[in-house]
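Heads up: the structure comes next, in structure tokens.
Hydrogens, waters and symmetry mates play no part in the numbers below; they use all other heavy atoms, side chains included. Residue numbers run from 1 in the order of the sequence given.
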Amino acid sequence: MEGEGSPSKMFLAGFIANLPGLSAGLSMGFSAILIPQLQDPGAEITATLEQGSWIASLFVIGDLLGCVIGGPLADRFGRRMAILLDCLPLIVGWLLTWQAQCLDHLYIARAITGVGIGAGVPIASMYLREISTPELRGTLTILMPAAANTGNLLMYILGSLLPWRLTTLPGAILPLLPIVLVYFLPETPVWLLARGRKEEAERNLCSLRGMSNSQCQEEMKALEADEEDEKNQDQSLSATVNKLLDRTVLFPMALLVFLFFTQSFSGSNMVSYYTVTILQMANIPLDENLAAILVAAQYVVGYCLSSMFVTRIPRRSLLFGSLALMMIANLGAGIVLFNSKVPVDTSNSNTTEHLSIIDADQLVGLSDIEQASLPLPVPGVMDQVLSMVPVISCIFITFGYACGLGPVPFILFGELFPSSVRGSASSITAFLRSITVFLSIKIFPSLLWLCDIWGSFLSCALVCGVAIGVSFLFVPETKGMDSKQLENIYKRQPKETEEATVGLMSKEPLNSA
């Protein structure tokens with residue numbers, strides 16, 4: 001078992017490593033506050049909804065490119081240097097946005113910022129996985145989506161108070177901090193050992209753990225044994241391609257892509273799209289901007305709670321509980337909304353009438369039709385009670401998402417891939433994840449048009465139900481596993497150890513915290 005670790009030094013390094021993610025979160029919420037201001041007739045730069053949609057589209061293209069280069073950068077130059085390199089497109093993108101004089105400048109700036117966001121996903125996941133102990137790995141990994149959602153919330157708040165140009169400055173300043181604080185951002189021992197820098201690897205390991213050299217020897221020997229196994233393998237390009245096509249990579253990659261797809265169609269989008277409408281049904285009038293802030297705040301609170309749950313509750317249990325809660329909440333909202341026959345204008349669902357934002361974990365869209373008054377009949381007592389069901393469902397959906405479905409796939413993302421191809425596999429998976437987010441932007445309005453709001457909630461309930469079955473059958477329990485155990489989850493085992501391997505897929509390991 002690896003050392004218990006020094007939480008303060010590991011959390012400090014993890015916090016610094018996720019400062020670019022906080023800037024990325026600000027960028028993800030930026031479209032929501034930018035496009036409405038560009039539609040003001042007196043704006044310095046004006047844009048139609050169609051032109052505004054390109055701001056989000058080019059952002060996605062940059063994100064896809066960043067996902068491709070992030071992992072190879074981390075493998076070639078090291079995790080720490082890759083984090084610093086990832087700060088550059090974020091800084092440049094935000095500064096160009098700040099000084100933009102026309103729409104073309106904004107298009108270019110958003111694409112550059114997207115590169116930094118996409119590259120940061122595989123880089124940060126590898127760094128957090130390799131500096132942490134089994135006991136703290138889950139909590140540290142949650143810093144990734146938590147940082148993105150916190151940045152998203154901060155941008156909503158800043159956007160409600162300031163002109164859009166001023167909201168760009170925090171996004172440019174935050175990526176500068178890892179460069180200034182690079183002394184507290186040590187390179188991972190795993191990468192150093194792979195480059196033959198044993199003494200530096202041991203020094204960094206002891207620093208991260210807050211232990212003496214003698215106390216770190218057991219973990220150091222385990223890391224050296226893992227590295228020796230890697231050296232004995234063929235490192236040619238064809239061998240690397242074969243490794244990427246091996247079941248130890250393809251199986252977790254397919255599983256993770258499915259979980260990321262589930263994130264986009266689990267109901268969190270429905271909450272973000274129709275928060276104002278549902279609150280109006282319950283006779284709770286709320287400003288659109290305040291509603292967006294409250295939705296974003298629920299995710300941040302949920303992630304804070306999940307950071308405590310993940311050290312005490314198995315990953316599978318968190319995921320099952322999250323999906324079950326969201327399925328029930330989606331069912332409740334769908335049934336009540338079907339019976340209430342809420343009039344929702346879907347005539348423009350396939351156009352750019354919805355202002356879309358790509359979030360780290362979910363898509364957030366706000367529509368002008370949510371501002372319209374709904375021609376609802378005067379409610380009776382039972383109608384008033386039932387009108388609260390969708391409101392409560394929204395709370396459960398956001399809470400359930402942030403406590404399980406949101407963080408667990410990111411934890412597994414940093415755990416399941418073999419170290420020999422971790423960079424490439426992480427980049428490919430991040431790329432596929434971005435495609436699922438992009439597709440959700442295109443598919444989700446069509447789903448609303450076909451199924452209406454009640455049918456969309458019921459469809460999300462179905463997705464959650466299917467995800468429960470898939471997760472029960474295929475998601476492994478990784479809480480408390482050391483590096484060697486993680487590497488062996490999907491390897492073909494001799495017949496005599498097959499039963500033990502099956503056990504890893506369904507229950508918590510003996511040495512877990």
Side-chain angles (χ1 to χ4, degrees), residues 16-35 37-38 44-45 47 51-71 73-74 77 81-124 144 147-156 158-159 162-180 355-360 364 427 430-431 433-434 437-438 441:
I16 296 172
N18 276 289
L19 286 173
L22 189 59
S23 176
L26 288 167
S27 184
M28 292 167 189
F30 185 62
S31 296
I33 65 100
L34 172 66
I35 297 175
Q37 294 189 43
L38 296 184
E44 182 182 353
I45 301 175
Q51 292 170 324
S53 69
W54 277 101
I55 294 176
S57 298
L58 291 170
F59 175 79
V60 173
I61 293 172
D63 180 74
L64 292 172
L65 176 61
C67 290
V68 173
I69 66 175
L73 276 178
F77 299 106
M81 180 56 68
I83 291 172
L84 301 181
L85 291 174
D86 181 49
C87 294
L88 297 181
L90 292 171
I91 295 170
V92 172
W94 277 116
L95 291 178
L96 287 177
T97 305
W98 176 42
Q99 291 296 317
Q101 300 300 316
C102 62
L103 276 177
D104 289 340
H105 294 170
L106 287 175
Y107 293 155
I108 295 170
R110 292 295 284 167
I112 294 174
T113 307
V115 172
I117 294 172
V121 174
I123 293 171
M144 283 179 59
N149 279 272
T150 300
N152 192 51
L153 171 61
L154 290 176
M155 180 53 71
Y156 285 173
L158 291 173
L162 301 172
W164 67 265
R165 286 192 188 275
L166 292 181
T167 65
T168 64
L169 297 180
I173 293 172
L174 285 170
L176 290 171
L177 296 180
I179 300 173
V180 175
L355 309 180
S356 299
I357 310 164
I358 302 167
D359 201 294
V364 178
S427 280
F431 178 83
R433 173 187 174 271
S434 293
V437 174
F438 180 73
I441 300 174

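When all heavy atoms of P175 and C87 are compared, the pair lying nearest together is O-SG, 3.2 Å. Taking all atoms of both residues into account, the shortest heavy-atom contact from V115 to D86 is O-OD1, 4.4 Å. Looking at every heavy atom in both residues, A17 comes nearest to I83 through CB-CD1, 3.7 Å. Looking at every heavy atom in both residues, A430 comes nearest to V121 through CB-CG1, 4.2 Å. Nearest heavy atoms, G151 versus L26: O-CD2, 3.3 Å. Residues T113 and G93 approach most closely at OG1-CA, 3.3 Å, considering heavy atoms.
Although no hydrogens or angles enter the test, the distance criterion places a donor-acceptor pair under 3.5 Å between the side chain of S427 and the main chain of C67. Not one N or O on the side chain of R110 forms a donor-acceptor pair closer than 3.5 Å with the backbone of G62. A donor-acceptor pair under 3.5 Å is absent between the side-chain atoms of T168 and the main chain of W164, judged by distance alone.
Residue I117 holds its CD1 atom at 12.5 Å from CG of L65, rounded to the nearest 0.5 Å. Atoms CD1 and CZ, from I123 and F77 in turn, are 11.0 Å apart once rounded to the nearest 0.5 Å. Remark: L19 CG to L90 CG distance equals 11.0 Å, nearest 0.5 Å. A distance of 10.0 Å separates OH of Y156 from CD1 of I33, quoted to the nearest 0.5 Å.
Not counting sequence neighbours, T97 has no partner by the side chain to side chain donor-acceptor pair (under 3.5 Å) test. Every residue two or more places apart in sequence or in another chain that forms a side chain to side chain contact (heavy atoms under 4.5 Å, CB included) with L176 is listed here: I91.
You'll find the side chain of D63 stays beyond 4.5 Å of the side chain of M28, heavy atoms only. Here the side chains of N18 and M144 are in contact, with some heavy-atom distance below 4.5 Å. P170 places none of its side-chain heavy atoms less than 4.5 Å from the side chain of L154. Between V60 and S434, the closest side-chain pair of non-hydrogen atoms is not below 4.5 Å.
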Walk me through whether H105 and L96 qualify under side-chain contact (heavy atoms from CB on, under 4.5 Å). CA-CA 7 Å; H105 294 170; L96 287 177; over 6 Å; no

Tell me, with the steps shown, if L88 and L85 meet side-chain contact (heavy atoms from CB on, under 4.5 Å). CA-CA 6 Å; L88 297 181; L85 291 174; 4.2 Å; yes

side-chain contact (heavy atoms from CB on, under 4.5 Å) between I16 and L177: does it pass, once the steps are laid out? CA-CA 8 Å; I16 296 172; L177 296 180; over 6 Å; no

I'd like to know whether T167 forms a side-chain contact (heavy atoms from CB on, under 4.5 Å) with L34, so could you lay out the CA-CA distance, the side-chain angles of the two residues, the decisive distance to 0.1 Å, and finally the verdict. CA-CA 9 Å; T167 65; L34 172 66; over 6 Å; no

